[in-house]
Every structure is written in C-alpha cells, then in structure tokens.
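Contents: one structure, followed by commentary.
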Amino acid sequence: MSFRTWQSISGWLVGAFAACLIVVPWGYAVVPLVASGVAAVSIPSIGHRWRYLDHEDALWCLALLAYAALWLWDVQRTGVWPVGEGDQGVGLPLWPLLAAGLLIWLRCVGPSPRQWWLGIAAGALAAGGIALFECLVLRYSRASNGMNAIPFGNIALLLGCLSLLAALWSWSRRRRASRRHVQTPRWERLALVAALGGFLASLLSGTRGGWIALPLLLGLCYLAWRRLPVGTVRPATPWRRFAVIMGLLMMMVLTAMPISGVTSRLERAVEDFQAYQQGEERDGSVGLRLEMWRAGYRLFLERPLSGWGEGRLEAARDAMVARGDLHPGVSVFDQLHSDTVDTAARRGLLGLVVLGLFYGVPLWLFYRRLGHEEVGVRILAVAGLLIPVAFLEFGLTQSMLRDVRGLSGYMGLSIGCWAVMRREEWVARRRQRRLARAQALGAVRADE
C-alpha cells in the first residue's frame with residue numbers, strides 16, 4: 001500500500017481510539033494493539049520519513065520509557081505484579097513502552113486532525129447517550145457503562161471539553177476555506193452537541209472530582225477562543241450565543257433535577273467532611289479518601305526516597321488498619337485514590353520526579369505552541385495542554401494512572417494530539433514556503 005493509505009489508516013485509528021475509549025468494552029486496549037500491528041506492517045513504506053523525528057519526540061519517548069522502567073523496577077524489587085480492578089490491568093507497566101513505539105510511528109505517518117477531532121466528538125456524544133439511557137431508562141443511580149463510574153465520568157468530561165475545541169477548529173478551517181472558495185463540511189454543530197453529551201455523562205456519573213476540574217478546563221477552552229484572531233471565528237454569531245446559553249441552562253436544569261444525583265452527592269460530600277473533622281464518621285466516600293491520604297503521607301515519611309513498592313504498600317497500610325490507626329474500609333482498595341499520594345508512598349521521591357516528567361514533558365511541549373501563527377496548530381496546542389491538565393486534576397482524588405482507561409486514555413489522547421499537531425505544523429510550513437516562492441517569483445517578474 002502507498003504511504004497516503006497508511007496515513008489515512010493512522011488517522012482513523014487515532015479517531016477510533018478516542019471514540020471507543022469509554023464506549024466500547026476493551027476499546028482502550030484493542031485499538032492500540034491493532035495500531036501496533038498496522039505500524040509493524042507499514043514500516044517498509046515509511047522510508048525517509050524517519051527524519052521527521054526530532055529532539056522533542058525523543059524527550060517525550062524518554063518520559064514514557066522512564067515511567068515504564070520505574071514501574072518495572074518496582075515490580076522486580078517486590079516480586080508483585082499489579083493486576084488492576086477486575087484483573088484488567090495486568091499489562092499496565094508495559095503500556096508506556098507500547099505508547100513510545102506508537103508515538104514514533106504516528107509522527108512518521110502524520111494522521112489527519114479531522115479524523116482525530118471526529119473521534120473525539122463521537123466518543124463524547126456516545127458517552128452522553130449511554131449516560132442518559134442508564135439514568136433515564138434503566139434508572140441507575142450513577143452512569144458508568146459497566147466500568148468504574150469515576151474514570152467514565154472524568155474521561156467523558158475531558159472529551160466534552162475537547163469537543164468544544166473541535167468546534168473551534170472546524171470554524172477556523174471552514175472560514176479559511178471560504179476565503180479560497182472551497183466548500184468544507186459543517187460539523188461544528190455536531191461538535192457542540194457532543195460537548196453537551198460529554199458534560200451530561202460527567203454529571204450523571206456522579207464524579208465529583210470532575211466537577212471540581214470543570215471550571216479550569218472550561219477556562220482553558222475560553223482562553224483558546226479569546227486568543228484566536230478576530231477574522232477566524234470571532235465574533236460569535238447570534239445562533240452560537242443562543243446555543244451556548246441554552247446549553248448552560250440545560251446543564252443547570254439537569255444538575256438541579258433529583259435524578260441526576262448532583263445535589264445529593266455534593267451535600268453528602270460536605271456532610272462526610274464535617275463528620276470526619278469531628279471524628280464521628282470515617283467510612284463515607286470523603287472520609288475513606290482522607291484516611292487513605294493520611295496513610296499515604298505517613299508511609300511516605302517512613303520511606304521517602306524509593307517508597308514501599310508494589311504489594312508492600314498495601315501490606316503496610318493493612319498493618320496500620322490492624323493497629324487501629326485507619327478505618328478498615330481502606331483495605332478494600334488497591335490504591336490510595338490520588339496519583340500524587342499513591343506515587344509518593346509507593347515509589348517515593350524517585351516516583352514523584354518520574355511522574356512530574358510524565359505530565360510535565362507534554363505540558364511543556366504543547367505550551368510552546370500556544371503562540372503559533374497557524375490557528376489550527378494553536379487550537380491543537382490548547383487541546384494538548386488540556387489533556388495533562390485534566391488528568392492532573394482528576395488524579396488529585398483518584399489514581400487515574402492505575403486505571404486501565406485512565407492510563408491508556410492519557411497516553412493515547414495526548415500522543416494522538418501531538419502527532420496531528422506536528423502534521424499541521426509541517427503543512428503550515430510548506431504553505432508558507434510556497435507563498436514565499438510565489439511572492440519571490442512575482443517580484444522577479446515585476447522587475448523584468
């Protein structure tokens with residue numbers, strides 16, 4: 001097959017990953033495995049395109065390899081392999097290695113941003129439909145699509161925010177095409193509906209950590225809109241303002257409805273926190289989290305450099321339970337409900353440094369493109385910035401990186417966004433070179 005065929009396949013694969021991540025069972029693993037098989041077959045067709053890789057790709061691969069190496073070293077020193085919830089996370093320590101390989105392949109082939117944005121919108125829209133069906137028809141108390149409700153709601157919220165940026169990208173692309181008298185599909189309305197679906201899925205899942213992160217994520221989306229040139233998607237037309245106002249009103253109405261469970265869960269969180277402060281109750285959702293964070297802090301102080309390790313952390317925590325220092329309910333969990341606290345107690349300062357690289361390298365790489373002159377690159381840079389920021393927020397109250405969809409989603413979405421953004425950069429540079437050559441040729445002809 002030709003290189004363009006492999007390029008198209010890679011675009012559909014990154015879109016399929018975003019669409020299937022929390023919608024299709026095992027989609028978080030099947031799509032990356034299929035992509036790795038396709039990458040192996042397409043290697044002879046890549047040719048000289050390995051030269052597209054640069055030091056930034058090497059830095060990102062280094063962060064992924066460091067994360068995998070530390071986890072594997074932790075397993076080797078304790079002899080305990082993590083299995084995750086429902087024994088689905090058996091391969092978690094190896095996933096960053098697969099992600100590094102896919103990053104290299106995607107950078108070489110350059111997937112299309114249109115397919116990636118379509119996958120984002122499809123995933124958010126499907127998550128919203130599933131959540132509405134489970135809560136309105138099946139009468140579930142929390143929407144979850146057969147998985148842990150927390151990663152379902154958190155990732156749905158992220159997909160919803162990314163769908164807002166998908167609408168911005170579509171508007172800017174169509175505006176530029178209209179100046180060249182080229183027709184492009186109008187699918188930004190679908191992206192706005194998808195954004196609403198992602199927000200609904202988050203609300204109906206009852207994930208309070210996601211609700212805390214929502215103002216920051218929406219603030220980043222707003223900054224992305226404000227930083228766009230006035231001639232692209234600003235000012236907003238009246239129907240867009242109307243759509244935004246109606247969407248906010250609908251969200252407020254659904255939040256106030258008893259069936260959503262938002263009000264009751266917020267009230268319960270406040271009650272649990274007050275009861276924990278008074279020492280009356282430690283078995284509530286908030287109380288157990290505070291117990292696990294207190295345990296993680298104490299365990300970190302005992303072994304601050306390299307931590308306790310896989311398996312030993314749980315044993316040390318259960319020993320605290322046996323002494324009566326912690327509520328017995330914390331023994332049910334295989335993590336401490338916080339990526340930072342769990343990493344500090346499990347792998348010490350070494351783990352915190354590697355975790356900082358795991359989040360910090362993508363943040364820095366995407367941040368560098370926020371001022372890019374190409375509007376499409378700028379929107380993709382905000383999207384790439386949004387992904388690690390969201391997972392940092394989600395990881396404050398849940399160990400997202402020890403969840404199969406959390407770890408796969410963070411790496412897959414950020415790597416996919418990186419690959420399509422770098423392709424947009426290359427296209428923008430080629431367009432500028434062509435324009436410069438045309439201007440130089442015009443100047444020469446004028447002189448003649």
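We number each residue from 1, following the sequence as shown. Remember, predicted model here, so these are calculated numbers, not experimental data.
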Okay, side chain of [X], backbone of [Y]: is any donor-acceptor separation there less than 3.5 Å?
{"X": "Asn145", "Y": "Val23", "answer": "yes"}
{"X": "Ser170", "Y": "Ala166", "answer": "no"}
{"X": "Asp339", "Y": "Met400", "answer": "yes"}
{"X": "Glu374", "Y": "Ala428", "answer": "no"}
{"X": "Ser399", "Y": "Ser338", "answer": "yes"}
{"X": "Glu134", "Y": "Ser144", "answer": "yes"}
{"X": "Ser408", "Y": "Arg405", "answer": "no"}
{"X": "Arg369", "Y": "Leu365", "answer": "yes"}

- [ ] Begin from the C-alpha positions of Phe358 and Leu64 and carry the test side chain to side chain contact (heavy atoms under 4.5 Å, CB included) through to its verdict.
- [x] CA-CA 7 Å; Phe358 197 56; Leu64 292 170; 3.5 Å; yes
Open item on the list: Please determine whether ring pair (Phe, Tyr, Trp, His ring centres under 6.0 Å) holds for the pair Tyr28 and Trp26, giving the CA-CA distance in whole Å, both sets of side-chain angles, and the decisive distance to 0.1 Å.
Closed with: CA-CA 5 Å; Tyr28 62 90; Trp26 294 95; 5.8 Å; yes
Open item on the list: Given the ring of Trp293, does Arg289 sit roughly above its face, with NZ or CZ under 6.0 Å from the centre of the six-membered ring and within 45° of the axis?
Closed with: no
Open item on the list: Quick check: Phe366 with Trp418 (ring centres under 6.0 Å apart)?
Closed with: yes
Would you name the heavy atoms of [X] and [Y] that are closest together and state the gap between them?
{"X": "Cys221", "Y": "Leu386", "value": "SG-CD2, 4.2 Å"}
{"X": "Ala99", "Y": "Met411", "value": "CB-SD, 3.8 Å"}
{"X": "Phe152", "Y": "Ala131", "value": "CE2-CB, 4.4 Å"}
{"X": "Leu164", "Y": "Ala195", "value": "CD2-CB, 3.6 Å"}
{"X": "Leu217", "Y": "Cys161", "value": "CB-SG, 3.7 Å"}
{"X": "Ser10", "Y": "Gln7", "value": "OG-O, 2.6 Å"}

TODO: List the steps and the verdict of side chain to side chain contact (heavy atoms under 4.5 Å, CB included) for Val193 and Leu196.
DONE: CA-CA 5 Å; Val193 175; Leu196 182 60; 5.6 Å; no
- [ ] Indicate the ring-plane relationship of Tyr52 and Trp426, choosing parallel, tilted or perpendicular according to the 30° and 60° boundaries.
- [x]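 Tilted.
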Testing the 3.5 Å rule here: is there a donor-acceptor pair between the side chains of [X] and [Y]?
{"X": "Ser205", "Y": "Thr207", "answer": "yes"}
{"X": "Trp105", "Y": "Ser42", "answer": "yes"}
{"X": "Gln398", "Y": "His337", "answer": "yes"}

In the structure I gave you, are the side-chain heavy atoms of [X] and [Y] within less than 4.5 Å of one another anywhere?
{"X": "Ser306", "Y": "Leu350", "answer": "no"}
{"X": "Leu132", "Y": "Leu204", "answer": "yes"}
{"X": "Ser202", "Y": "Asn154", "answer": "no"}
{"X": "Phe333", "Y": "Met292", "answer": "yes"}
{"X": "Val341", "Y": "Phe300", "answer": "no"}
{"X": "Arg422", "Y": "Asp57", "answer": "yes"}
{"X": "Phe17", "Y": "Ile415", "answer": "no"}
{"X": "Leu72", "Y": "Trp81", "answer": "yes"}

If you measure from [atom1] on [X] to [atom2] on [Y], what distance do you get to the nearest 0.5 Å?
{"X": "His327", "Y": "Leu288", "atom1": "NE2", "atom2": "CG", "value": "6.5 Å"}
{"X": "Trp116", "Y": "Met421", "atom1": "CH2", "atom2": "CE", "value": "10.5 Å"}
{"X": "Leu138", "Y": "Ile130", "atom1": "CG", "atom2": "CD1", "value": "11.0 Å"}
{"X": "Leu385", "Y": "Leu380", "atom1": "CG", "atom2": "CG", "value": "12.5 Å"}
{"X": "Ser414", "Y": "Ile387", "atom1": "OG", "atom2": "CD1", "value": "5.5 Å"}
{"X": "Ile120", "Y": "Leu413", "atom1": "CD1", "atom2": "CG", "value": "5.0 Å"}

Task: salt bridge (Lys or Arg N to Asp or Glu O under 4.0 Å) between Arg294 and Asp325, intermediate numbers included - done: CA-CA 10 Å; Arg294 183 166 64 89; Asp325 296 337; over 6 Å; no
- [ ] Identify whether the distance between the nearest side-chain nitrogen and carboxylate oxygen of Arg402 and Glu310 falls below 4.0 Å.
- [x]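 So Arg402 pairs with Glu310 through a salt bridge.
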Task: Under-4.0 Å salt bridge between Arg368 and Glu56 - done: yes
Task: Intermediate values then yes/no, side chain to side chain donor-acceptor pair (under 3.5 Å), Glu314 and Trp308 - done: CA-CA 9 Å; Glu314 291 82 355; Trp308 289 81; over 6 Å; no
TODO: Carefully, step by step, assess Leu92 and Leu401 under the rule side chain to side chain contact (heavy atoms under 4.5 Å, CB included).
DONE: CA-CA 9 Å; Leu92 282 177; Leu401 298 182; over 6 Å; no
